Amino acid sequence: MPELPEVEAVCRKLRRDVLGASIVQLRVERESVARPQSPALLETEAAGRRIEGVERRGKNILLHLSGERVLHVHLRMTGNLYVVPDVRFRPALARLWMELEGGRGLIFEDSRVLGKVHVHRVSDLDGVLRDVGVEPLSAAFTLEYFRGMAKKSGQPAKIFLMDQRRVAGLGNIYAAEALFRAGVNPRKAMRRVTAAKIARLYEVIGEVLREAMDSAAAAYEEPGRFVEGESFPCAVYDREGEPCLTCGRAIKRIAQGGRSTYYCPGCQR
DNA sequence: TCGATCCTGTAG
DNA sequence: CTACAGGATCGA
């Protein structure tokens with residue numbers, strides 16, 4: 001489900017809905033969600049604590065709890081985190097849930113069970129998140145930084161953008177969309193992309209993420225659930241064989257790093 | 001840097 | 001049935 005914009009939308013909702021709420025109990029329904037930690041650790045560490053802050057770092061969600069603890073949630077491919085009015089009526093795919101003071105439920109739902117929920121002490125956070133790179137929508141993400149990273153990377157552009165250690169938050173969809181807008185071929189080694197296109201790419205990363213954030217925020221507010229592809233109009237992602245909106249040539253799909261990459265062979269040389 | 005792996009659901 | 005899925009990690 002989520003790349004940075006969707007994770008941000010989840011965080012905004014949580015800030016509105018659960019800030020200040022106490023966790024009565026936490027229950028792990030699927031052991032692998034907690035792995036390599038134990039369900040028992042999560043259950044004892046979370047119970048009785050108050051949710052004092054909601055923070056996003058790349059695609060990581062951090063629920064700051066009282067007593068210097070942090071609940072670290074990663075939604076991976078199919079995860080979602082949201083509030084239900086009554087914890088007794090929770091969805092079948094709730095892999096972990098929390099009963100909040102007053103009877104509401106905070107649900108971690110994840111069909112594929114690739115997602116993770118861990119608990120840490122605040123003092124351990126830096127270590128846990130040491131591989132999470134710069135926030136693309138923050139002031140720390142400068143053209144100089146981006147250019148510097150690009151210059152010393154021989155990775156294909158698409159793989160580079162999805163590598164969370166440099167820029168944190170782009171995934172398969174928005175990496176492809178950014179490359180399309182910048183006219184960069186996804187297979188091109190990053191260090192060989194021209195300075196002008198690096199600058200363009202830097203620019204459109206912000207554009208794409210901001211646009212996607214707006215539509216994701218709106219989509220998540222709808223009664224019912226978020227539907228993939230309904231919110232952000234993709235120019236290339238999942239459009240194999242369809243005409244490019246700019247030049248009319250058929251969108252291509254290739255495999256990179258075990259994932260599908262979509263691009264326009266005309267616009268992205 | 002590549003492929004396998006974690007898991008399950010759904011579309012073709 | 002097979003292929004594939006908006007992610008990340010691990011070992012070869």
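Below, read A as the first sequence line, B as the second, and so on, with proteins coming before strands; counting in each chain starts at 1. Because the structure is a prediction, the values reported are computed rather than measured.
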What string of B, S and - do you get for nucleotides 7-12 of chain B 5' to 3' if you count protein non-hydrogen atoms under 4.0 Å?
BBS---

Kindly point out which of dC4(C), dG7(C), dT1(B) is positioned nearest to the side chain of Ser260(A)?
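The answer is dC4(C).
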
SB check [X] [Y] (cutoff 4.0 Å):
| X | Y | answer |
| --- | --- | --- |
| Glu55(A) | Arg57(A) | yes |
| Glu177(A) | Arg181(A) | no |
| Asp124(A) | Arg121(A) | no |
| Glu45(A) | Arg69(A) | yes |

What's the [atom1]-[atom2] distance between [X] and [N], to the nearest Å?
| X | N | atom1 | atom2 | answer |
| --- | --- | --- | --- | --- |
| Arg165(A) | dT1(B) | CZ | P | 9 Å |
| Arg76(A) | dC4(C) | CZ | C1' | 18 Å |
| Ile159(A) | dG7(C) | CD1 | P | 12 Å |
| Lys158(A) | dT1(B) | NZ | P | 15 Å |
| Ile173(A) | dC4(C) | CD1 | P | 17 Å |
| Asn172(A) | dC4(C) | CG | C1' | 12 Å |
| Asp110(A) | dG7(C) | CG | C1' | 11 Å |

Here DNA chain C, pairs taken as Watson-Crick or G-U under 3.5 Å and shown with ( ), [ ] when crossing and | when to another strand, reads |||||.||||||

With distance as the sole criterion, is a donor-acceptor pair present between the side chains of Asn185(A) and Lys158(A) under 3.5 Å?
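Lys158(A) and Asn185(A) do not have a side-chain donor-acceptor pair below 3.5 Å.
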
Using atom C1' of each nucleotide, how far apart are dG9(B) and dT9(C) to the nearest Å?
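Rounded to whole Å, the distance is 23 Å.
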
Taking the P atom of each, how far is dC7(B) from dC4(C), in whole Å?
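My reading of the P atoms in dC7(B) and dC4(C) gives 22 Å.
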
Yes or no on side-chain contact (heavy atoms from CB on, under 4.5 Å) for Cys11(A) and Arg56(A), after CA distance, side-chain angles and deciding distance?
CA-CA 7 Å; Cys11(A) 287; Arg56(A) 181 190 57 73; 3.8 Å; yes

Any [X] side-chain nitrogen or oxygen under 4.0 Å from OP1 or OP2 of [N]:
| X | N | answer |
| --- | --- | --- |
| Gln164(A) | dA8(C) | yes |
| Arg259(A) | dG7(C) | yes |
| Lys116(A) | dA8(C) | no |
| His74(A) | dA8(C) | yes |

Taking side chain to side chain donor-acceptor pair (under 3.5 Å) as the definition, give me every residue that meets it alongside Tyr262(A), ordered by chain and number, with sequence neighbours left out.
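If we apply the side chain to side chain donor-acceptor pair (under 3.5 Å) test to Tyr262(A), skipping adjacent residues, there are no hits.
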
For residues Leu71(A) and Val128(A): do they belong to one hydrophobic cluster (side chain heavy atoms under 4.5 Å, members Ile, Leu, Val, Met, Phe, Trp, Tyr)?
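No, because Leu71(A) and Val128(A) fall into different hydrophobic clusters, even though each may have its own neighbours under 4.5 Å.
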
Using ring-ring contact (aromatic ring centres under 6.0 Å, His included), reason through Phe146(A) and Phe141(A) one step at a time and then give a plain yes or no.
CA-CA 7 Å; Phe146(A) 188 60; Phe141(A) 183 56; 5.6 Å; yes

Which part of the nucleic acid, if any, lies within contact of Arg253(A), taking any heavy atom under 4.0 Å across all strands shown: a base, the sugar-phosphate backbone alone, or nothing?
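If one applies the 4.0 Å heavy-atom cut-off, Arg253(A) turns out to touch the sugar-phosphate alone, with no base involved.
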
NA contact type, Gly171(A), heavy-atom cut-off 4.0 Å: base, sugar-phosphate, or nothing?
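Contact class for Gly171(A): sugar-phosphate only.
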
So which of Arg210(A), Arg15(A), Lys59(A) actually passes salt bridge (Lys or Arg N to Asp or Glu O under 4.0 Å) with Glu8(A)?
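One option only clears the test, and that one is Arg15(A).
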
